[in-house]
Amino acid sequence: MIRVRFAPSPTGYLHVGGARTALFNWLFARHNKGTFILRIEDTDQERSTEASIGEITEAMQWLGISWDEYYRQTEHSKRHQQAAQELMDRRLAYEHDGAWWFRVPEQGKITIHDALLGDISFRHEQLKDFVIRRSDGSFVYNFVVVVDDADMRITHVIRGDDHVTNTPRQILLYRALEKPLPQFAHLPMILGPDRTRLSKRHGVTSVLQYRRRGFLPEAMVNFLARLGWSYGDQEVFTRDQLVELFTLQGVGSSAAVFDEVKLHWINQQHIKAANLDRIVELVKPFALKNDLITETMWDQAGKDRLLTGARLLRDRSKTFADLASSIRILFPIPIEKEEEVVLSQHKKDLVQAIIDALDTVQEFTPKNVQEAIRTALKEKGAGLRDIAHDCRMAITGTGVGPGLFDMMSVIGRDLVKSRLKEIL
RNA sequence: GUCCCCAUCAUCUAGCGGCCUAGGAUACCGGGUUUUCAUCCCGGCGGCAGGGGUUCAAAUCCCCUUGGGGACACCA
């Protein structure tokens with residue numbers, strides 16, 4: 001039975017690097033029908049916070065990374081004490097300056113058999129004795145992680161490769177404690193555009209920030225998975241496909257740069273594939289965010305209109321923030337125009353003809369609207385080209401967008417008419 | 001500085017000795033579709049870090065150089 005864990009320390013939000021590590025563990029567990037454990041490494045009482053634990057679990061839930069077992073490292077203090085005492089009793093550790101030190105044998109070398117990196121050797125001289133229990137009685141990371149992983153019968157330790165140099169010390173501890181070694185797999189790091197380890201100074205690294213910016217969790221998961229993992233030429237994956245296809249063999253060994261441009265593209269792919277009802281539901285908070293649109297207005301907008309609007313506009317949206325700003329035109333609020341519309345008298349006549357024509361339309365469908373407008377323009381000896389851009393600007397505030405008749409239909413007769421009158 | 005890891009287009013990557021004149025994706029640049037933009041379709045640009053080996057054959061294996069990253073705490 002495969003058992004893996006993600007072990008974040010709750011000293012801040014979940015960043016994308018941590019999320020990727022969690023994701024790979026989770027995919028590995030789900031693919032192999034194993035167990036995924038979330039273990040909060042909260043032994044650093046100074047820096048650990050409840051708020052941080054909440055942020056981390058919320059981010060994981062948002063991403064859909066579900067855990068089967070949950071632990072807090074501090075709950076295991078007696079086990080740590082017990083194990084440390086055992087090493088002391090067996091003279092594998094000694095006390096110095098009030099701290100307990102693990103004795104590293106002077107001769108020999110230690111080899112990690114890493115599932116991703118192959119064999120990596122360290123000579124004992126490089127390691128030196130190290131502290132396992134501080135003089136204040138608390139335990140050091142390298143020690144508790146081994147005790148906990150052994151107790152929890154972790155079979156595969158999948159973590160960032162910034163941990164490789166910790167691994168030989170940990171292996172020594174496994175041996176001293178007479179516990180079976182897990183399989184190690186060290187994931188390559190995620191880098192910023194400047195090729196240094198991804199951090200706050202590279203911009204947004206909080207997973208939850210991506211939710212706030214209008215990204216879909218499945219897009220985030222897809223993107224994170226493709227950072228280091230691949231499956232032939234395929235780029236877009238559903239969560240289920242990822243679970244089905246994920247293997248450690250598919251994981252590369254070189255660091256990857258976090259490319260937000262590609263994240264946007266993947267997000268767009270998932271927005272295009274998502275269920276429209278969900279799109280409408282998810283875009284709502286973005287539309288309400290800093291706008292004239294109220295909750296009531298949203299509810300009165302009409303489900304069908306919102307659905308149609310979302311369908312028409314989502315091909316142009318990389319994020320929900322994009323979609324929210326374009327879907328505003330469905331609401332009876334003033335629209336900001338990208339450019340001032342100044343019409344010649346001739347064009348004003350055309351617009352007036354269009355307004356009049358709209359009144360003759362029975363059911364306000366794209367097809368009917370088109371028919372009425374084309375007919376009206378033809379009678380004036382004009383074509384759609386002559387006035388389309390101005391009409392679009394009047395009713396949507398922008399020169400680009402979905403088909404004019406589709407837009408008029410979904411916006412609705414009254415709103416279209418009043419917006420057209422504004423430019424006369 | 002010491003130790004460890006990594007090295008294919010700008011970026012993510014396929015490639016695990018012959019299928020490679022190195023494939024896909026993003027980005028970028030054209031063209032088509034569209035009233036416009038986007039989507040979509042077609043095309044283009046662009047890379048095996050360098051040098052030695054091994055082999056009939058190397059992007060693939062080995063060594064060196066260079067470059068990049070990481071670790072060097074009584075932090076996790």
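Residue numbers start from 1 in every chain, and the chains themselves are labelled A, B, ... in the order their sequence lines are given, proteins ahead of strands. Note that the structure is a prediction, hence the values are computed from the model and not measured.
Of the two residues near RNA chain B, A/Lys318 and A/Val164, the one whose nearest nucleotide lies more 5' is A/Val164. Where A/Ser138 and A/Ser121 each meet RNA chain B at their nearest nucleotide, the meeting point lying more 5' is that of A/Ser121.
Here the P atom of nucleotide B/C12 and the NE2 atom of A/His264 are 18 Å apart, to the nearest Å. In this structure, the CG atom of A/Leu191 is 13 Å from the C1' atom of B/G67, given to the nearest Å. When the C1' atom of B/U36 is taken as reference, atom CE of A/Met408 falls 13 Å away, rounded to whole Å. Protein atom CD1 of A/Ile266 is 13 Å distant from nucleotide atom C1' of B/G24, rounded to whole Å. Taking atom CG on A/Leu313 and atom P on B/C37, their separation rounds to 16 Å, with Å as the unit. When the P atom of B/U35 is taken as reference, atom NZ of A/Lys347 falls 17 Å away, rounded to whole Å. With rounding to whole Å, A/Phe405 atom CZ is found 8 Å from B/U35 atom C1'. Put simply, NZ on A/Lys109 is 11 Å from P on B/C4, counting in whole angstrom units.
Rounded to whole Å, the separation between the C1' atoms of B/C12 and B/G31 comes to 27 Å. Taking atom C1' in both B/U65 and B/C72, the straight-line distance is 25 Å, to the nearest Å. Spacing of C1' atoms, B/G18 relative to B/C3, comes out at 39 Å, to the nearest Å. To the nearest whole angstrom, the two P atoms, one in B/G50 and one in B/U66, are 16 Å apart. B/A58 and B/C48: their C1' atoms are spaced 11 Å apart (whole Å). For B/A27 and B/G46, the C1' atoms lie 11 Å apart once the distance is rounded to whole Å. For the C1' atom pair drawn from B/U11 and B/G17, the interatomic distance equals 29 Å after rounding to whole Å. Using atom C1' as the reference point in both B/C5 and B/C45, the two lie 33 Å apart (nearest Å).
Residue A/Gln126 is in sugar-phosphate contact alone, with no base atom involved, counting any heavy-atom pair closer than 4.0 Å across all strands shown. A/Phe122 comes within 4.0 angstrom of sugar-phosphate atoms only, judged by non-hydrogen atoms across all strands, and of no base. Within 4.0 Å (heavy atoms only), A/Gly160 reaches no atom of the nucleic acid at all. Among the heavy atoms of the strands, none lies under 4.0 Å from A/Pro188. Among the atoms of the strands shown, only primed sugar atoms or phosphate atoms (P, OP1, OP2) are found under 4.0 Å from some heavy atom of A/Ser230. Contacts of A/His186 with the nucleic acid, taken as non-hydrogen atoms under 4.0 Å apart, are absent. Counting non-hydrogen atoms under 4.0 angstrom, A/Asn166 reaches a base of the nucleic acid. Among the atoms of the strands shown, only primed sugar atoms or phosphate atoms (P, OP1, OP2) are found under 4.0 Å from some heavy atom of A/Ala256. Using a 4.0 Å heavy-atom criterion, one finds that A/Leu227 contacts the sugar-phosphate atoms exclusively. If you check every strand for non-hydrogen atoms under 4.0 Å, A/Asp386 touches nothing.
Side-chain atoms of A/Lys262 come within donor-acceptor range of the base of B/A25, with a qualifying N/O pair under 3.5 Å. Evaluation of atom-type donor-acceptor distances gives a pair under 3.5 Å for the side chain of A/Asp233 against the base of B/G23. At a cut-off of 3.5 angstrom, the base of B/G24 holds no donor-acceptor pair with the side chain of A/Gln234. Between the side chain of A/Ser253 and the base of B/C6 there is no donor-acceptor pair of N/O atoms closer than 3.5 Å.
Across all strands shown, the partner of B/C3 is B/G70, judged by Watson-Crick or G-U wobble contacts whose two distances both fall under 3.5 Å. Nucleotide B/G30 has B/C42 as its partner under the Watson-Crick or G-U criteria, with both atom distances under 3.5 Å.
Checking B/U13, B/A76, B/G69 against every side-chain atom of A/Thr196, the shortest atom distance belongs to B/G69. Closest to the side chain of A/Trp101, out of B/U39, B/C74, B/C5, is B/C74. Closest contact between the side chain of A/Asp162 and the listed nucleotides B/G70, B/U11, B/C37 involves B/G70. In the set B/A76, B/U36, B/A38, the nucleotide with an atom closest to the side chain of A/Glu41 is B/A76. Among the nucleotides B/A71, B/A38, B/C3, the one closest to any side-chain atom of A/Arg197 is B/A71. Counting only heavy atoms from C-beta on, A/His163 has its side chain closest to B/A76 among B/A76, B/G69, B/U39. Here B/C6 is the nucleotide among B/C6, B/A25, B/C74 with the atom lying nearest to any side-chain atom of A/Ser254.
Checking A/Thr167 against A/Arg159 by side-chain atom types alone, a donor-acceptor pair falls below 3.5 Å. In summary, the side chains of A/Arg72 and A/Ser48 do not present any donor paired with an acceptor at a separation below 3.5 Å, with no hydrogens or angles considered.
Taking the charged nitrogens against the carboxylate oxygens, A/Arg278 and A/Glu218 do have a contact shorter than 4.0 Å, which makes a salt bridge. Remark: A/Arg201 engages A/Asp194 in a salt bridge, criterion side-chain N to carboxylate O under 4.0 Å. Looking at A/Asp149 and A/Arg39, a side-chain N of the basic residue comes within less than 4.0 Å of a carboxylate O on the acidic one, giving a salt bridge.
Between A/Phe258 and A/Tyr210, the angle of the ring planes lies from 30° to 60°, which puts this pair in the tilted group.
When all heavy atoms are compared, the tightest approach of A/Phe24 to A/Leu227 is CZ-O, 3.9 Å.
Under the rule for a salt bridge (Lys or Arg N to Asp or Glu O under 4.0 Å), the partners of A/Glu422 that lie at least two apart in sequence or sit in another chain are A/Lys337.
Between A/Arg392 and the phosphate of B/C37, there is no side-chain N or O to OP1/OP2 separation shorter than 4.0 Å. Contact annotation: A/Lys272 reaches the phosphate of B/C40 (side-chain N/O to OP1 or OP2, under 4.0 Å). One finds a side-chain N or O of A/Arg195 lying less than 4.0 angstrom from the OP1 or OP2 phosphate oxygen of B/C12. In this model, the phosphate group of B/C72 is not approached by any side-chain N or O of A/Thr165 to a distance below 4.0 Å at OP1 or OP2.
A/Gln170 CD to A/His163 NE2: the interatomic distance, rounded to the nearest 0.5 Å, is 8.0 Å.
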